[in-house]
Amino acid sequence: MILELADIRIHPGQQAAFDEAIERGVRTVIAHARGFVGYQVFKGIESPERYLLQIRWESLENHTVDFRESAAFADWRAIVGPFFAGPPTVEHFSMAAGSV
């Protein structure tokens, strides 16, 4: 399993609308993508315009090829992209230790 971690900064004062948009985007678009396993969204306490989106994929290619190169990626960005204050930082991780 692969963990995608997206560090997202949004425009100030848009938290409530973004909360709805990110949940809707995952539920209606990403959750239907090949290899999607699950997700979590974390909101910043000290930095309320900062969000961490964690998406679990079966494989790296499920995210980088199957999803990112599909029309669904444009659908996702149409929902959440207008809130972005800048491009999100996205990285992928594999589990080194711990429990699932």
Side-chain angles (χ1 to χ4, degrees):
M1 183 167 46
I2 297 296
L3 175 68
E4 170 197 356
L5 179 61
D7 189 344
I8 301 168
R9 312 293 171 112
I10 65 166
H11 298 291
Q14 297 294 307
Q15 291 89 340
F18 184 68
D19 290 350
E20 184 279 326
I22 197 166
E23 190 279 326
R24 179 170 40 92
V26 171
R27 179 177 34 83
T28 64
V29 180
I30 295 179
H32 301 284
R34 179 180 181 184
F36 172 82
V37 175
Y39 80 105
Q40 292 178 302
V41 179
F42 296 88
K43 296 165 62 167
I45 295 171
E46 291 81 10
S47 302
E49 293 86 21
R50 185 177 182 195
Y51 286 74
L52 296 177
L53 170 61
Q54 296 181 352
I55 301 178
R56 294 177 308 280
W57 299 95
E58 290 179 7
S59 72
L60 180 62
E61 292 74 22
N62 287 146
H63 178 235
T64 60
V65 177
D66 299 331
F67 180 66
R68 295 284 306 258
E69 294 181 9
S70 74
F73 181 70
D75 296 339
W76 158 251
R77 288 305 288 259
I79 294 169
V80 297
F83 295 94
F84 294 169
T89 300
V90 177
E91 294 186 27
H92 300 93
F93 299 85
S94 59
M95 184 177 284
S99 61
V100 183

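Index from 1, following the sequence. Heavy-atom basis, side chains included; hydrogens, waters and symmetry copies ignored.
Atom CE of Met1 is separated from atom OG of Ser59 by 12.0 Å, given to the nearest 0.5 angstrom. Rounded to the nearest 0.5 angstrom, Arg27 CZ and Ile79 CD1 are separated by 9.0 Å. Going from atom CZ of Phe83 over to atom CD of Glu20 covers 7.5 Å, rounded to the nearest 0.5 Å. Atom OG1 of Thr64 and atom NE2 of His92 lie 6.0 Å apart (nearest 0.5 Å). Atom CD1 of Ile30 sits about 12.5 Å away from atom CZ of Arg24, to the nearest 0.5 Å.
In this structure, the side chain to side chain contact (heavy atoms under 4.5 Å, CB included) partners of Val41, at least two apart in sequence or on a different chain, are Ile22, Tyr39, Tyr51, Leu53. With sequence neighbours left out, Arg77 forms a salt bridge (charged side-chain N to carboxylate O under 4.0 Å, His left out) with no residue at all.
Using a 4.5 Å heavy-atom cutoff, the side chains of Trp76 and Thr28 are not in contact.
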Can I get a per-line list of side-chain donor-acceptor pairs under 3.5 Å for residues 6-14, giving both atom names and the distance, sequence neighbours left out?
unit_1 : atom_1 : unit_2 : atom_2 : d
Asp7   : OD1    : Arg9   : NE     : 3.4
Asp7   : OD1    : Arg50  : NE     : 3.0
Asp7   : OD2    : Arg50  : NE     : 3.3
Asp7   : OD2    : Arg50  : NH2    : 2.7
His11  : NE2    : Phe84  : O      : 3.0

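When the shell of 6.0 Å around CZ of Arg56 is examined, it contains more than 12 heavy atoms from other residues, nucleotides or ligands.
Hydrophobic cluster membership differs between Ile45 and Phe18, with clusters built from Ile, Leu, Val, Met, Phe, Trp and Tyr side chains linked at under 4.5 angstrom. The cluster map of Ile, Leu, Val, Met, Phe, Trp and Tyr, joined by side-chain heavy atoms under 4.5 Å apart, puts Leu5 and Val37 in different clusters.
Ring-plane geometry between Phe67 and Phe73 is classed as perpendicular, the angle between the planes exceeding 60 degrees on a 0 to 90 degree scale with a lower cut at 30.
Screening Ile2, Val90, Leu3, Ile55 against His63 for a side chain to side chain contact (heavy atoms under 4.5 Å, CB included) leaves a single residue, Val90.
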